Amino acid sequence: KIEVLVLAAEKELVDNRLKALVAAGLVPLALDLDSFATTRTIAPESIKDQVVMQVHVGMGFTTLAVVKNNQVWFANVLKQGGRDLIAEIARNKQVPIGRAADELFRLGILETLPEATIKDLVDGIGNAVTFHNERVSEQKDKVGKVILTGSTALIPGLVEKLGQLLGMEVKVASPRYKLTVPEAGRR
C-alpha cells in the first residue's frame, strides 16, 4: 500500500512569494507549504502518539493540517485570519485598525468580538476535522486535539472559546527549538 499526499497552491500566492524573495535579492530554491514548515516547529513530544489538527491563524489566512507522527496527512487553507478579526473590531467600534489590534490582544476575544465573528474560523476548523475523521476507520487515526500556532493564538480567551465551540481540547503549540542567532548573523 502506497500513501500519496497531493498538494496544490494558488498561482497568485506562489507568484507573490517568489516576487518578494527576488525583490529582497534572494534566489529561491524551493517553496514550502506553511503547514509543513509549521509542523517542523512543534515539539514532537507534545503531540506524540496523537492525531492533531494544527491551526496556524496568520494575519492574512489560516492554515490547517492534520498531523500524525510529525507527518502532515491533510492540509487546507481558510481565507480568514487575524487581520479579519481586527478589521471587524475596527468596524464595530469605529476605531482605527491599530487601536482595534491593541484591544484584541489586550482585552481578548470575548470582550471585543461577538461569537458570530469567529464562526467562519470555527466552522472551517470543524469541517476539516470532520472531513478527516469521516475518512479514517480506526479511532486512533481520528483528530483528538487542536494545536494553535502563530501570534493570533495568544489572543486572550481564544483557546478556551475554540475548545468550547469545537467540543475538543485546544492548546497553544510548544515550540521545538529555542531559536538563537549565530554570532555572525548579529552584525
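Every value quoted in this text rests on a predicted model; they were computed, and no experiment measured them. All residue numbers in this chain count up from 1 along the given sequence.
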Assess the residue pair V136 and W73 against the criterion (side-chain contact (heavy atoms from CB on, under 4.5 Å)); give the C-alpha distance rounded to whole Å, side-chain angles, the decisive distance to 0.1 Å, and a yes or no. CA-CA 11 Å; V136 295; W73 282 18; 4.3 Å; yes
When you measure from the side chain of N92 to the backbone of I89, do you find a donor-acceptor pair of N or O atoms at a distance under 3.5 Å? no
Check your understanding: How about L166 and V129: do any of their side-chain heavy atoms sit closer than 4.5 Å?
Key -> no
Set out, in order, the CA-CA distance, both residues' side-chain angles and the distance that settles side-chain contact (heavy atoms from CB on, under 4.5 Å) for L121 and L78, then state yes or no.
CA-CA 8 Å; L121 180 62; L78 303 177; 4.1 Å; yes
Open item on the list: Just so I know, are the side chains of T62 and I125 near enough to count as touching, which here means a heavy-atom distance under 4.5 Å?
Closed with: no
_Surrounding CD of Q71 (heavy atoms of other residues, nucleotides or ligands, distance under 6.0 Å), is the total greater than 12?_
no
Quick check: do V55 and L162 have side-chain heavy atoms less than 4.5 Å from each other? no
To the nearest 0.5 Å, atom CZ of F105 lies from atom CD1 of I86 at 5.5 Å
Would you please test I97 and R83 for side-chain contact (heavy atoms from CB on, under 4.5 Å) and show each step?
-> CA-CA 9 Å; I97 291 289; R83 191 175 299 123; over 6 Å; no
Do V57 and V172 sit in the same hydrophobic cluster, where Ile, Leu, Val, Met, Phe, Trp and Tyr count as joined when their side-chain heavy atoms come under 4.5 Å apart? yes
So CG of L85 and CD of Q80: to nearest 0.5 Å the spacing works out to 5.5 Å
Notebook entry, point to check: With the 4.5 Å side-chain cut-off for hydrophobic clustering, are L107 and V159 part of the same group?
Noted result: no
With sequence neighbours left out, the residues meeting salt bridge (Lys or Arg N to Asp or Glu O under 4.0 Å) with R17 are D34
Rounded to the nearest 0.5 Å, the CZ atom of R106 sits from the CZ atom of R99 at a distance of 8.0 Å
What one should report as the nearest heavy-atom pair of T152 and G58 is OG1-O, 4.3 Å
On a heavy-atom basis, the closest approach of L64 and A128 is CD1-CB, 3.7 Å
- Message: Are Q164 and V170 packed together at the side-chain level, in the sense that at least one heavy-atom pair is separated by less than 4.5 angstrom?
- Response: no
| Same hydrophobic cluster for V95 and I109, using side-chain heavy-atom links shorter than 4.5 Å among ILVMFWY? | no
Notebook entry, point to check: Are side-chain heavy atoms of D84 and E88 found at a separation under 4.5 Å?
Noted result: no
Report task. Ignoring hydrogens and angles, tell me if any N or O in the side chain of D141 forms a donor-acceptor pair with the backbone of V51 under 3.5 Å. Result -> no
| message | Take a 6.0 Å sphere around CD of E111 and say whether it holds more than 12 heavy atoms from other residues, nucleotides or ligands. | response | no
So OG1 of T63 and CD of Q54: to nearest 0.5 Å the spacing works out to 6.5 Å
Note to self: Could you tell me if the side chain of V52 sits less than 4.5 Å from the side chain of K171, heavy atoms only?
What the structure shows: no
| request: Applying side-chain contact (heavy atoms from CB on, under 4.5 Å), run through L158 and L148 and close with a yes or a no. | output: CA-CA 10 Å; L158 181 62; L148 288 180; 4.3 Å; yes
Quick check against the 3.5 Å criterion: does N127 have a side-chain atom that pairs as donor or acceptor with the backbone of D123? yes
When every non-hydrogen atom of V72 is compared with those of A75, the smallest separation belongs to CG1-CB, 4.2 Å
d(K68 NZ, H132 NE2) to nearest 0.5 Å is 8.5 Å
In short, A100 meets A90 closest at the heavy-atom pair CB-N, 3.6 Å
